[in-house]
Amino acid sequence: MASLDVEKIRKDFPILKTTMNGKPLVYLDSAATSQKPRQVINAVAKHYKKTNANIHRGIYKLAEDATEQYIKTKELTAKFIGAESYRSIVYLRSTTEAINAVARAWGDANVERGDHILITEMEHHSNIVPWQLLAKRRGATLDYVKLEGSKFIDMDDYRAKLQSRPKMVAFTHVSNVLGTINDVEEMTRMAHEVDSTVLVDAAQSVPHMPVNVKDMHAEFVAFSSHKMLGPSGVGVLYGREEVLEEMPPFHAGGDMIRSVDFQESTWNELPWKFEAGTQNIEGAIGFGAAIKYLKKLGMENVREHEKTLTKYALEKLAGSGVKAFGPGVEEIEKKAGVIAFSMPGAHAHDIAQVFDNEGIAVRSGHHCAMPLVTKVLMQPAVPRMSFYIYNNEEEVDKAVAAISKVREVLKIKN
Ligand code: PMP
């Protein structure tokens, strides 16, 4: 039995009724950002029409309603990822801002000259560059765990690199290029054995599979609303309460304080200590609607659907003569719905261009993972298709047909 009623789901997404270059839109770029269902669009519109006011300020009814809605979305988020309370849920702009916040606030307070920071070769730039800057600021060393077979984290190398007792170990749950699903629980357990603090980049996992931060045991987890049906401009920094209590604020201004005097201030309680100034209230409300939508589908079903579709796509692609990167069909349990590939004789951008002419949206480039794409996969750029709840086998068939079209247009012999 199909795990999701995709045809019913598709009806909720107005953009899927549109065309691109005269063809029905086939959207295969959800790893970049997801499309939005009418439930999310309507929630944002309804807020503007009926409940718009700033939060935590007015004592009038409208402001109280807006505040209550905002807090409710935090409770939803906390429950969705298995966090104990919304005190652990800080809203920022994005995964990127969440990681930067930790690198700045936690990093500057805890990393000293001579310390090590450990990340992996499969990270997105947003989980590389903040640590490079921190290492430079503090005189620390940034180490990288190597990959095994250009697919998986090399656990022997990981074990060896942990011997430097890194202050911070930061890694992605799911690679946005390889689609590899890492064993977060095991990696965190190993990092804690040497007293490291752990940050998990969950930008590509929370939208696509059940994630429970209590099982993960990581101190910090970051992800973005826009990749999980919600609006842009809302990112989540989950932090274990006792770690957030210790961490100094990184943005300063209104609302994050308890009291302000001419020279000194004291901080508000969690999570408000980290949310300075007017927040993206409408974004948070839309995000709440997105979480409700995903909860109704069930994250096990979301994962099951994407697994089935990815397996189908990998099998079809194998027959079309392209090379797919990351775990293959036989390793499907460790593969999310992300397929980057290459085709001898065709540049990634040319492939994406032909796809575009066919109405198929795929991303092409280094996918903000230049070290992985250029140094590990040794490609200047790769096209990538990525799936979500609204994609179906018919769309995969169209993508595979577009590969034949690439051959035809570029006059590539088989
Ligand atoms: N990490 C990973 C693995 C990602 O795929 C992305 C988005 N491509 C990010 C971090 C950054 O997310 P955002 O752009 O929402 O900050």
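Both counts, for ligands and for their atoms, begin at 1 and track the order of listing. What you are looking at is a predicted structure, and each value in this text was computed from that prediction instead of being measured.
A salt bridge does not link Lys11 to Glu7: none of the charged nitrogens lies less than 4.0 Å from a carboxylate oxygen. Contact check on Glu333 versus Lys307 returns a salt bridge, with a Lys/Arg side-chain nitrogen under 4.0 Å from an Asp/Glu carboxylate oxygen. The existence of a salt bridge linking Asp115 and Lys167 is confirmed by a sub-4.0 Å separation between a basic side-chain nitrogen and an acidic carboxylate oxygen. With salt bridges taken as basic N to acidic carboxylate O contacts below 4.0 Å, one links Asp12 and Arg38.
In Thr95, the parts holding a heavy atom less than 4.0 Å from any atom of ligand 1 are both the side chain and the backbone.
Near Asn176, the atoms of ligand 1 lying under 4.0 angstrom from a non-hydrogen atom of the residue are 5 (O).
At a threshold of 4.5 Å between non-hydrogen side-chain atoms, the residues Pro231 and Val44 count as touching.
One finds the CG atom of Leu372 at 4.5 Å from the CG atom of Leu178 (value rounded to the nearest 0.5 Å).
Considering only non-hydrogen protein atoms, atom 3 (C) of ligand 1 sits nearest to Asp201 OD2, 3.5 Å. In terms of protein heavy atoms, atom 10 (C) of ligand 1 is closest to Ser126 OG, 3.1 Å. Scanning the protein heavy atoms around atom 16 (O) of ligand 1, the nearest turns out to be Thr96 OG1, 2.5 Å. Among protein heavy atoms, the minimum distance from atom 5 (O) of ligand 1 is reached at Gln204 NE2, 2.6 Å.
An N or O contact shorter than 3.5 Å is missing between Thr172 and ligand 1 by distance. When only interatomic distances are considered, the shortest N/O to N/O separation between Lys227 and ligand 1 falls below 3.5 Å. Every N/O-N/O distance between Glu97 and ligand 1 stays at or above 3.5 Å.
Relative to the six-membered ring of Phe341, Lys323 misses at least one condition, a distance below 6.0 Å or an angle of at most 45° to the axis. The cationic group of Lys295 does not satisfy the cation-pi geometry with Phe80, failing either the under 6.0 Å distance to the six-membered ring centre or the 45° limit from the ring axis.
Between Met122, His367, His124, it is His124 that holds the heavy atom closest to atom 4 (C) of ligand 1.
Under the 4.0 angstrom criterion for non-hydrogen atoms, His226 is in contact with ligand 1.
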